[in-house]
Amino acid sequence: MTKEKFMFKCDVCRQQYQNGPHRYEGHRLKLYGDIICCDSCWNSNLDGWVPHFEPILLEHLKQKGLSVPERNANERLPRNWQNQ
Ligand SMILES: [Zn+2]
């Protein structure tokens with residue numbers, strides 16, 4: 001029996017989140033080069049990333065040489081591929 005938790009730092013908001021065992025709060029952001037965000041980022045940016053986080057996401061894209069995703073109807077950077 002292990003009580004060890006697997007804690008990670010969210011790539012977007014830098015808060016810690018748990019990813020195993022029993023709780024899995026990490027969400028892979030394929031659009032942004034497979035960075036991983038926490039549950040609270042994922043759930044609160046369903047309609048696109050709040051402008052506050054844009055510089056962080058843009059920096060990840062730049063580092064990985066990815067192009068900036070098309071903005072959604074709310075003029076925000078999409079959270080991920082549609083329906084994901
Ligand atoms: Zn987060």
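When a ligand or atom number is given, it counts from 1 through the structure's own listing order.
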What is the distance from atom OH of Tyr32 to atom CG of Asn80, rounded to the nearest 0.5 Å?
7.5 Å

Quick one: list whatever passes salt bridge (charged side-chain N to carboxylate O under 4.0 Å, His left out) with Arg76, sequence neighbours left out.
none

Among the clusters formed by ILVMFWY side chains lying less than 4.5 Å apart, do Tyr17 and Leu29 turn up in the same one?
no

Measure up the Trp42 and His27 rings against each other and bin them: parallel (under 30°), tilted (30 to 60°), perpendicular (over 60°).
parallel

Please list every donor-acceptor pair under 3.5 Å in which a side-chain atom of residues 57-66 meets a protein atom from a residue at least two apart or in another chain.
unit_1, atom_1, unit_2, atom_2, d
His60, NE2, Asp11, O, 3.2
Lys64, NZ, Gly33, O, 3.0

What lies under 2.8 Å from the Zn ion (ligand 1), restricted to protein N/O/S atoms, is Cys10 SG, Cys13 SG, Cys38 SG, Cys41 SG

According to side chain to side chain contact (heavy atoms under 4.5 Å, CB included), who are the partners of Asp34, at least two apart in sequence or on a separate chain?
Arg28, Lys30

